[in-house]
Amino acid sequence: MLTRDFLRNADCKTAFGSIDESMLLTPEQRASSLSCTLARRPDNSPVWIFGYGSLMWNPVFDSEEARPATLHGFHRAFCLRLTSGRGTHAQPGRMLALRDGGQTTGLAFRLPEDKLHEELELLWKREMLTGCYRPTWCELELDDGRKVTALVFIMDSSHPQYEADTDYQVIAPLIAQASGPLGTNAQYLFALEKELNNYGMSDDCMSELVKQVRMLLSVTPGFDVPGLS
């Protein structure tokens with residue numbers, strides 16, 4: 001289970017499993033990435049973070065407000081080869097990211113301005129271990145009609161762990177079999193399904209994939225899978 005203390009104290013070289021050091025960002029590189037991202041901050045309005053995967057049910061960072069939100073122009077895709085956390089080099093899984101096209105529903109979190117850097121440093125240590133995402137400022141539409149600017153982690157298709165083929169018949173066996181120090185890949189998938197259902201959200205990338213993984217694992221729909229994080 002990811003916690004604030006775990007992230008604060010984690011040795012990025014070992015805590016998430018074996019990561020190729022050639023891909024691992026140094027603390028200085030992560031700090032530079034965060035600094036460059038903040039330098040592109042559009043204005044002085046509050047900073048929001050868009051959660052579309054595990055940030056929805058386990059954000060770890062502190063926020064002052066959380067709202068259902070829609071992001072236009074990007075869709076969920078299990079397009080990130082997972083060799084740490086919930087997978088290994090020997091048995092890789094697939095992690096969620098965003099790709100161009102369509103739209104995505106998730107949760108928007110408004111960060112406290114007085115703790116902004118502290119919370120973002122924690123988030124960068126979680127999401128930017130290998131620089132596989134492009135932190136991008138995007139417009140979100142909240143469920144109450146407000147439009148806000150948020151940081152969104154979008155897949156970098158030039159990253160060596162990017163996988164273009166996201167057909168559920170290809171990735172379901174990978175997700176069903178993969179596991180690592182943070183748990184199984186299937187636990188992540190089922191947690192996402194549960195969270196989307198809790199908010200009355202749906203996603204085209206999920207239904208057949210969940211069905212196939214459940215079949216491979218013989219897990220009954222509605223079964224509570226322990227160890228979700």
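Note that the numbering runs from 1 along the sequence shown for the chain.
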request  = Compute whether any side-chain donor of one residue and acceptor of the other, for Arg99 and Tyr162, lie under 3.5 angstrom apart.
outcome  = yes
query = For the atom pair CD1 (Ile175) and OG1 (Thr184), what is the distance rounded to the nearest 0.5 Å?
reply = 10.5 Å
request  = For side-chain contact (heavy atoms from CB on, under 4.5 Å), just list the numbers for Leu82 and Arg94, CA-CA rounded to whole Å, side-chain angles, deciding distance to a tenth of an Å, and then say yes or no.
outcome  = CA-CA 5 Å; Leu82 185 62; Arg94 285 293 184 91; 5.6 Å; no
message = Test your reading of the model: is there a side-chain donor-acceptor pair from Lys115 to the backbone of Ser63, 3.5 Å cut-off?
response = no
remark   = Smallest heavy-atom separation, Tyr133 atom then Glu127 atom, equals CD1-O, 3.2 Å
Exercise: identify the closest heavy-atom pair between Gly131 and His159 = O-CD2, 3.6 Å
ask   = Phe153 and Trp124: aromatic ring centres closer than 6.0 Å?
value = yes
task = Decide side-chain contact (heavy atoms from CB on, under 4.5 Å) for Leu55 and Val60; before the verdict, give the C-alpha distance in whole Å, the side-chain angles of both, and the deciding distance to 0.1 Å.
result = CA-CA 8 Å; Leu55 291 181; Val60 175; over 6 Å; no
ask   = Does Met23 reach the side chain of Pro160, with side-chain heavy atoms less than 4.5 Å apart?
value = yes
Gln91 versus Ala178, closest heavy-atom pair with distance = O-CB, 3.6 Å
task = Give the intermediate values and the outcome of side-chain contact (heavy atoms from CB on, under 4.5 Å) for residues Asn197 and Lys194.
result = CA-CA 5 Å; Asn197 288 340; Lys194 181 178 179 180; 5.7 Å; no
ask   = How far does SG of Cys132 sit from CZ of Arg81, to the nearest 0.5 angstrom?
value = 11.0 Å
task = Heavy atoms only: give me the nearest Val213-Leu189 pair and the separation to one decimal.
result = CG2-CD2, 3.6 Å
inquiry  = Once rounded to the nearest 0.5 Å, what's the spacing between atom CE of Met95 and atom OG of Ser54?
reply    = 6.5 Å
inquiry  = Give me the atom names and distance for the closest heavy-atom approach of Asp62 to Leu111.
reply    = O-CD2, 3.5 Å
ask   = Has the side chain of Thr37 got a donor or acceptor atom that lies under 3.5 Å from a matching backbone atom of Ser35?
value = no
ask   = Are Leu129 and Leu2 connected in the hydrophobic side-chain network, where two residues link if heavy atoms are under 4.5 Å apart?
value = yes
Gly183 backbone acceptor or donor facing Gln187 side chain under 3.5 Å = no
ask   = What is the distance from atom CG of Leu123 to atom CZ of Phe61, rounded to the nearest 0.5 Å?
value = 6.0 Å
query = If you take all heavy atoms of Ile154 and Cys138, which pair is closest and at what distance?
reply = CD1-SG, 4.2 Å
ask   = Does a donor on one side chain sit under 3.5 Å from an acceptor on the other, for Gln161 and Thr83?
value = yes
task = Could you tell me whether Glu119 and Arg4 have a side-chain N and a carboxylate O separated by less than 4.0 Å?
result = yes
message = How about CG on Asp165, more than 12 heavy atoms from neighbouring residues, nucleotides or ligands closer than 6.0 Å, or not?
response = yes
task = Kindly say whether Leu142 contributes a backbone atom to a donor-acceptor pair with the side chain of Arg67 at under 3.5 angstrom?
result = no
key: Within 6.0 Å of CG in Asn9, more than 12 heavy atoms from elsewhere   = yes
request  = Consider only side-chain N and O atoms of Asp156 and Ser158, and report whether a donor and an acceptor are under 3.5 Å apart.
outcome  = yes
key: Residue of the set Asp144, Leu140, Asp143 for which side-chain contact (heavy atoms from CB on, under 4.5 Å) holds with Pro68   = Asp143
ask   = Distance from Leu25 atom CG to Lys125 atom NZ, nearest 0.5 Å?
value = 13.0 Å
Pair Trp57 and Tyr199, ring centroids less than 6.0 Å apart = no
task = Indicate yes or no for a side-chain donor-acceptor contact from Arg8 to the backbone of Leu122 under 3.5 Å, with no hydrogens or angles considered.
result = no
remark   = Which of Glu141, Glu139, Glu65 passes salt bridge (charged side-chain N to carboxylate O under 4.0 Å, His left out) with Arg146? It is Glu65
task = Would you check if the side chain of His75 reaches a backbone N or O of Gly102 as a donor-acceptor pair within less than 3.5 Å?
result = no
Straight-line distance of Thr130 OG1 to Arg30 CZ, nearest 0.5 Å = 11.0 Å
task = I would like to know whether Tyr52 and Leu192 meet side-chain contact (heavy atoms from CB on, under 4.5 Å); could you show each step before the answer?
result = CA-CA 9 Å; Tyr52 56 88; Leu192 176 58; over 6 Å; no
query = Would you find a donor on one side and an acceptor on the other, under 3.5 Å apart, between the side chain of Arg40 and the backbone of Trp137?
reply = no
query = With no hydrogens and no angle check, do the side chains of Arg41 and Thr149 hold a donor and an acceptor under 3.5 Å apart?
reply = no
